[in-house]
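Working notes, structure below.
Count residues from 1 along the sequence.
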Amino acid sequence: MASPAAALQRWSIPLLSFVVPLGFVVWAFPTGLAPLRAAGIVTGWLGCGLLLVSLLLMLREPRLAYWLGGLERMYRWHHLTGVAAYVLLLLHPLALAAGNLSASPRLAWQTLSPATESWQVWSGWLGLLLLMVGLATTFTPSIRYGLWRWLHALLGIGVVIGLVHLILLGIDEPVLPILAAAAGILGWRLLRGDLGLAARPYAVAAVRKLTPHSVEIELRPLADPVTVTAGQFVLVEFANGPVYRGCGEFHPFTISAIDRDGALRLAVKALGDCTRRMLSIEPGVAARVIGGFGGLLGEAGTAPQLWIAGGIGVTPFVAVLNDAKLRRPTQLLYLFRSDADATYLAELRAIAASDPQLTLHTVATGDDLPDLDRLLPAASELSGVECYLCGPPGLVVALQQALGARGVAAQHIHFENFEFR
């Protein structure tokens with residue numbers, strides 16, 4: 001049975017996504033209007049409420065992320081509420097136009113055509129256009145991250161312009177408080193998240209090569225360290241060094257170990273231009289850290305566990321093993337392309353030899369997806385087992401399907417995605 005805290009985390013975002021828009025509609029529910037015109041007004045307020053929720057869900061605050069079920073979950077709901085808000089706001093003028101259709105098709109067209117409307121109405125169309133451009137970047141993963149970030153910022157600008165549109169139409173209440181809340185959330189994200197005022201200062205103390213394409217970076221705190229536990233990840237921005245040149249952005253990295261003095265060790269694999277550059281990072285480089293977030297094994301319970309890792313996805317499991325002895329029988333299935341590509345392989349073999357609770361299976365798969373039916377335990381061995389997955393998205397999806405085919409219920413399959421677009 002889930003704890004009260006877990007239940008709150010599970011239902012917090014759905015409740016926010018329901019209560020906030022509903023509150024707007026209850027406050028501004030139109031009376032004495034034709035049904036279609038009333039529907040147009042209702043969809044507009046529902047869209048405004050969902051946009052405000054979507055803005056809240058893009059904040060990178062560890063405490064907020066904890067109560068809302070994790071940063072990755074917040075970003076998924078940020079996308080869902082943003083798309084739903086755009087659809088509702090698009091229905092807003094369509095319903096208003098449909099309400100005029102029975103009286104006059106010309107009047108209905110004038111309701112939709114910005115060319116025949118005042119600049120106050122034009123502002124609403126501009127807000128919708130900016131929302132559309134910002135949302136389009138969400139579904140275009142090929143865009144370079146730096147460009148994507150600036151284009152995605154059009155969502156926030158679109159929200160502000162849409163609220164100003166309502167004020168220009170003479171609707172001051174409750175739009176002014178909503179506009180203040182939206183501006184506050186956007187400013188909070190810009191200052192504390194993007195500009196890093198919430199970050200703690202660290203410095204690179206050591207760099208250890210793990211494989212030809214990955215390194216482990218040790219960060220020493222220069223002030224109070226971040227609050228983080230094994231299995232979590234942090235957002236890190238590295239500054240320029242004598243040779244190394246930082247990317248000027250915060251990136252998520254999973255912690256591989258936490259020292260008693262607050263030092264962190266991070267596993268970094270070259271997956272893009274920025275992380276490829278980090279392979280040559282040197283000691284002394286300044287860093288800023290925000291976190292910790294997530295926690296793949298946060299509430300592990302007492303049931304036996306099956307861990308399945310692909311490539312660099314073994315890092316959160318390494319952190320848990322470095323943190324303390326296991327308290328329950330655990331199997332770790334570690335998949336990697338080749339021995340040369342396997343991070344922490346020697347460490348894992350040493351831990352497995354000294355900890356009777358850990359059973360380690362290592363498989364070199366080559367470049368193709370392995371035969372999971374052959375590698376996974378039989379259905380009878382998975383009864384009552386909690387399964388934790390971490391690796392490339394394609395592998396995680398395939399593992400979900402394979403475990404589901406063996407009768408493992410979805411609530412017993414745990415994983416995190418580290419895609420924050």
Roughly how far apart are Trp188 CH2 and Leu55 CG, rounded to 0.5 Å?
-> 15.0 Å
Interatomic spacing from CH2 in Trp77 to CG in Leu57 - rounded to 0.5 Å = 9.0 Å
Using distance alone, with no hydrogens and no angle criterion, decide if His414 and Glu386 have a side-chain donor and acceptor under 3.5 Å apart.
-> yes
Salt-bridge criterion met for Glu347 and Arg208 (N-O under 4.0 Å) = yes
One should read off an interatomic distance between Leu306 CG and Leu403 CG, to the nearest 0.5 angstrom, of 6.5 Å
For Arg245, which residues count as a salt bridge (charged side-chain N to carboxylate O under 4.0 Å, His left out) partner, sequence neighbours excluded?
-> none
For Tyr334, what residues pass the ring-ring contact (aromatic ring centres under 6.0 Å, His included) criterion, not counting sequence neighbours?
-> Phe336
Taking only residues two or more places apart in sequence or in another chain, which ones pass side chain to side chain contact (heavy atoms under 4.5 Å, CB included) with Ala39?
-> none
Please work out whether the ring planes of Trp27 and Trp45 are parallel, tilted or perpendicular, with thresholds of 30° and 60°.
-> perpendicular
For Val397, the side chain to side chain contact (heavy atoms under 4.5 Å, CB included) test, sequence neighbours excluded, returns Gln400, Gln401
Quick note, disulfide (SG to SG under 2.5 Å) partners involving residues 185-277, not counting sequence neighbours, are Cys247-Cys274
Could you name each residue pair satisfying side-chain hydrogen bond (donor to acceptor under 3.5 Å, both in side chains) that touches residues 220-234, not counting sequence neighbours?
-> Glu218-Arg220, Arg220-Asp261, Thr229-Gln232
Set of residues satisfying ring-ring contact (aromatic ring centres under 6.0 Å, His included) with respect to His213, sequence neighbours excluded | none
Applying side chain to side chain contact (heavy atoms under 4.5 Å, CB included) to Ala402 and not counting sequence neighbours gives Leu372, Leu376
How long is the gap from CG on Leu68 to CZ on Arg10, to the nearest 0.5 Å?
-> 15.5 Å
In Å and rounded to the nearest 0.5 Å, what is the CZ to CD distance from Phe293 to Glu61?
-> 7.0 Å
Who pairs with Leu126 by side chain to side chain contact (heavy atoms under 4.5 Å, CB included), at least two apart in sequence or on another chain?
-> Leu130, Ile161
Between Ser280 and Tyr244, does any side-chain donor sit less than 3.5 Å from a side-chain acceptor?
-> no
Under the ring-ring contact (aromatic ring centres under 6.0 Å, His included) test, which residues partner His78, sequence neighbours left out?
-> His152
ring-ring contact (aromatic ring centres under 6.0 Å, His included) filter on Phe317, not counting sequence neighbours, yields Trp307
Identified side chain to side chain contact (heavy atoms under 4.5 Å, CB included) counterpart of Phe250 within the set Asp194, Val236, Leu235 = Leu235
Do any pairs count as a salt bridge (charged side-chain N to carboxylate O under 4.0 Å, His left out) and have a residue in residues 396-406, sequence neighbours left out, and if so which ones?
-> Asp373-Arg406
Sub-3.5 Å donor-acceptor pair from the side chain of Arg200 to the main-chain atoms of Val289, do we have one?
-> no
Within 6.0 angstrom of Asp273 CG, more than 12 heavy atoms from elsewhere = no
Do Arg349 and Tyr344 get their side chains close enough for a donor-acceptor pair, meaning under 3.5 Å?
-> no
